[in-house]
Structure formats: structure tokens, C-alpha cells
Number of protein chains: 2
Amino acid sequence: MARIAADSATFGGESKRYSDEEVYKGIAEAIVEHRLPPGARLPEDALAEVFGISRTGIRKVLQRLALEHLVTIRPRRGAQVAQPTEQEARQVFAARRMIEVGSLGGAIEAARKRDIQALHDIARQEREAQQSGEHSRAIQLSARFHTRLIELAGNEVITDFLLQLTSRSSLIIAMYGSRLSIGCDCGEHDELVELVAERRVDEAEAWMERHLQRIEATLSFGPGTEDVPDFKQIFRPIR
Amino acid sequence: MARIAADSATFGGESKRYSDEEVYKGIAEAIVEHRLPPGARLPEDALAEVFGISRTGIRKVLQRLALEHLVTIRPRRGAQVAQPTEQEARQVFAARRMIEVGSLGGAIEAARKRDIQALHDIARQEREAQQSGEHSRAIQLSARFHTRLIELAGNEVITDFLLQLTSRSSLIIAMYGSRLSIGCDCGEHDELVELVAERRVDEAEAWMERHLQRIEATLSFGPGTEDVPDFKQIFRPIR
DNA sequence: TGGTCTATTTTCGTATACAATTTGAAGGTA
DNA sequence: TACCTTCAAATTGTATACGAAAATAGACCA
């Protein structure tokens, strides 16, 4: 099982003193970028040492991450990177479809030239990261594309929800994604930018619905690669 | 300005030792039920004394409430009950329309007889509370009606979002609601139960959209009743 | 009376201490 | 070898201490 060590490369070994917000971003990014796998334990002491603050600050951050469903905290057993279930995964994507399709009209209406340009840039960077095999960068850019698009609609409440949902999606892909999950995305976002630029709302909505369904469809649930293989479950009953 | 005193009646003066969860519920309910008005300060010491735990536990709860936008925490100045802006209020209701209308079809599809009955009961209790002037009870029941209905759709992610949104709505009504805001609701929820029972999805969706728009329309923003009247602002410039 | 400055008190932010519980390993037995 | 028991080490939960900042009250002056 993956662990955090004080000298781990996961966060770098600097001795700088990080602020709460930096610690939050540091851990959240490590999870979202798959540097911390689902199920990885997150002991308070180790994190406190890595980030150069006391456990008090770490606990605050872990509590927040738990509310956002990126980590799980079990009483007296500490925190670990969350391991979303299949059900949770499907619900997250259903919620995304509702929110993203539902906001797309407003986003298109509000989109100005430079917004379109910004989306284009992100899509291009994503394609490049994809092709040069920079997985974690591609993941981040994909999430940013979706949030940038929807935040054009101007509803911060919705934007906040979507931010959470994209983070959780990354974690879900870390658990259930095959290589396809990321590969098949390739270039797709550019298509949507076109539809947005031309203000073809209905088509854009249909596109988004399909897009999210496709990502969900690339997930492979099945018996699953447990983090700690439970041999008892596997080898027991040959009855 | 409203304050928490150790002997305040807001939480009762018991000396029982509360768990984190109980403290959370205690404060959240006090806000949602308008016993703690928007802007009320929430000093850690006073809360710690009232609930019989140390500041550590209180801080955890306040952080959580802040993430849910029920309280505001400003560095070095502590926590206070949030004072949502008009913009925030409109965004919350827009988000509710999207989520509740978007989930209603699934909820209706999944609704069984006993679910309908449960909704009926809540609507009836709400009506009774309304008529006997039990404001805070009516508020809670109204929120519960909406969440119960939508949770039938079976998406916990969406349900969690809606739980937050209904809490925030209560706070918004505390700030901007006239007497109308609560009164006009009267009996309305029964109509929706009918539509749900008869599986008239389109009409139910239209009804929900109108219902939420109407609640929003009863809010009176305008110059606003500040919590601490700023006489300087009011009386200064007769120029 | 109204305003400004200063001193006191209150309140928050962070680290640390200590008890309680879990984890993990060593040793013993079938 | 597999399983159970026991004990030490590691880890978390909660309270507390203390420095730093902000709120408050009082004195002083116009």
C-alpha cells in the first residue's frame, strides 16, 4: 500500500513552511493527478513533517478533503485517499451530466471571443499533453476545460459543485480507468469549442451528454484491483 | 448584534458533553431555524462552553459550516453567521431549479406508495406548523419536503448538494424574506404530491420551476436591514 | 458632545502534551 | 504452516498553553 514518507518525492522534500491553502492544494493535486493512489494512507505525522506545519493544520486540511470526498476518515484509523465505489462513480457522472448540460446554454450565451480563445488554448494544451504522454497534466487540463466552460454561465454555486465533481472524477478514473479512459478523449474538446463558438446550443448539449457518457463507459469496474489484495476473499471457497 | 452567551437560551444551558456531530447539528439548526440571525458572531470560547467541549472541536465544526457557506470565517476575526448577498441568493435558487427540476423525473419514476404517503405527511405537518405560527418548524419541514422528494431519485451526490442548498435557502430567507416568503407557500406542496402520485412528469417539472421562482420572487432585497445599523451611512450626507 | 489615541481585555492561530486505541510483530500452540 | 495471544510501537482524539492580533473601554483633547 502506498504511504507517505517524510522524504517522499510525492510532495518534494522542501522545508518551506506552507500555508493551509497550499497544503490543501498540494494534497488535492497529488490525489487528482494520481500521484497518490486510491487507498493510500495519509498519516498526520508524515504529512505534518513534509509540509513543515503541525498536525493541527494537517487535520484541518484532511477534514476538508473528507467533506469533498477525496479522502476518507475513519475514527481512530486516520485518513486515506478515498476509494469511490462503482455506485458513487455513476452518481458523480450523472450529477455532472445534469449540471454541465444544464449550464451549457447559459455558458454559450455568455461566451465572448476571448473565452472561446481560452477554451481553445486549453484544448490544445490538453491534446499536446496527451500526445507527449504527460498523463497528470492532461487530466488537470481536461478538468480545467470543463470548469472554465461552465463558469462562463456565471453561477459560482454551480461552479463550486462542478469543481468538486471534476476532482472526484479524476479519482474515479484513477480507480476504474483503463488506458482508454484518457486516450479516447483525444482531440474531442476541440469539437465542443466549435459548437460553442457557433452558438449551436442544442448540439452542444447533446455533445456534452454523449461526451460524459462515453467517459463513464470507458470505466471498467468488475472485480477490481484492490489496493491491498484480500487473499481470503480470493482463495477461500473452492467448495 | 446577536451574540452567543454561555447562558444563552439559543442552545440551552445543559452541561452534557456533545459529540462533534451533535454540535454541528446544533449550530446548523440554530442558523437554519433563524434562532441565530445572519451576521451573528460565533466566538469559539462561548460555543465551547455551551457545548462542553474544547475549542478544538468547535473549530472543526465552524470550518465545516464555513465550507457549506452557512458561516463566514475571516482570519483573526472569527466566525459569524453568513450574510449571503443578493447575487449569491439568486445563484442558489438557480442551482436549485437546475437540480430539482432535473432530478424530478427520476424521483417520480422511483416513487412508491409509501414515499408518496411520506411526502403527504410532511406537507400536512408543514401546513399545520404554518397555521399555528411555528415558523422554524415550518421552515425545516419545507426543506425536508424538497430533499425527501429529490432523494427518491437515488443519487446521493445530488442529494448532498440539495441538502446544502436548502440550508442556504433558509439563511437567505432569514435575510431577505418578508412575511410573504413563508406564508405564500401555504399548502402548495400538496399540489406537487398529487402530480407526483399521478406521474405527470412534465407538469410536475413546470410546477417545481414556478414554485422555486415564486419563492425567489418573494425575497425583498433593496437597501436591506443591516444587522448593526450603520448610522453613519444613514444620517451622514445631507449635502 | 464628538473624536482620537492608548491601554486593557478578549479572541484567535498554532503548537504541543497526553491519554486512548489501533496496528503490527513476536512468540507460542495445534 | 496456520492460527491465536500478547506486548511494544505507532497513530489518532482532545485538551491546553501561549504568542499575536483585534475589539473594547477609558482617558484626554477640541
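Keep in mind that the numbers below use all heavy atoms, side chains included, and drop hydrogens, waters and symmetry copies. So that the names make sense, note that chain A is the first sequence line, chain B the second, and so on, each numbered from 1.
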To the nearest angstrom, how far is [X] atom [atom1] from [N] atom [atom2]?
X	N	atom1	atom2	result
B:Asp20	D:dT12	CG	C1'	13 Å
B:Glu44	C:dT14	CD	P	11 Å
A:Tyr18	C:dT14	OH	C1'	19 Å
B:Gln80	C:dT11	CD	C1'	14 Å
B:Asp45	C:dT9	CG	P	16 Å
B:Ile58	C:dG13	CD1	C1'	16 Å
A:Glu49	D:dT11	CD	P	11 Å

With a 4.0 Å cutoff (strictly under), does any side-chain N or O of B:Arg77 reach OP1 or OP2 of D:dA23?
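Yes, because at least one side-chain N or O of B:Arg77 sits under 4.0 Å from OP1 or OP2 of D:dA23.
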
Just to confirm, is there a sub-4.0 Å distance from OP1 or OP2 of C:dT14 to any side-chain nitrogen or oxygen of A:Thr56?
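Answer no for this pair, as no side-chain N or O of A:Thr56 is under 4.0 Å from OP1 or OP2.
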
N/O donor-acceptor pair under 3.5 Å between A:Thr147 side chain and A:Ala143 backbone:
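Yes.
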
Quick one about [Y] and [X] (side-chain donor to acceptor, distance below 3.5 Å, no hydrogens or angles considered), yes or no?
X	Y	result
B:Glu68	B:Tyr24	yes
A:Gln140	A:Glu33	yes
B:Glu156	A:Gln87	yes

Shorter than 3.5 Å, N or O on both sides, protein versus nucleotides 18-20 of chain C: list them out with atom names.
| residue | atom | partner | partner atom | Å |
| --- | --- | --- | --- | --- |
| C:dA20 | N3 | A:Arg76 | NH1 | 3.4 |

Contact list please: residues 59-74 of chain A against DNA chain C, heavy atoms, distance less than 4.0 Å, in numerical order.
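Going residue by residue through residues 59-74 of chain A, none turns out to have a heavy atom under 4.0 Å of DNA chain C.
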
Please step through side chain to side chain contact (heavy atoms under 4.5 Å, CB included) for the pair A:Asp45 and A:Arg55, ending with a clear verdict.
CA-CA 6 Å; A:Asp45 283 333; A:Arg55 280 176 50 216; 3.1 Å; yes

So which heavy atom on A:Gly154 is nearest to which on B:Gln91, and how close?
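That closest heavy-atom pairing would be O-NE2, 3.0 Å.
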
What's the shortest heavy-atom distance between A:Ile150 and A:Glu100, and which atoms?
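For A:Ile150 versus A:Glu100, the nearest heavy atoms are CD1-O, 3.7 Å.
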
Check the angle between the aromatic planes of B:Tyr176 and B:Phe221 and answer parallel, tilted or perpendicular using the 30° and 60° thresholds.
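Aromatic pair B:Tyr176/B:Phe221 classed tilted.
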
Residues 157-175 of chain B, side-chain donor-acceptor partners within the protein, below 3.5 Å, at least two apart:
| residue | atom | partner | partner atom | Å |
| --- | --- | --- | --- | --- |
| B:Thr159 | OG1 | B:Asn155 | O | 2.9 |
| B:Thr166 | OG1 | B:Leu162 | O | 3.2 |
| B:Thr166 | OG1 | B:Leu163 | O | 2.9 |
| B:Ser167 | OG | B:Leu163 | O | 3.1 |
| B:Arg168 | NH2 | B:Glu88 | OE2 | 2.9 |
| B:Ser169 | OG | B:Arg96 | NH1 | 2.9 |
| B:Ser169 | OG | B:Leu165 | O | 2.8 |
| B:Ser170 | OG | B:Thr166 | O | 3.4 |

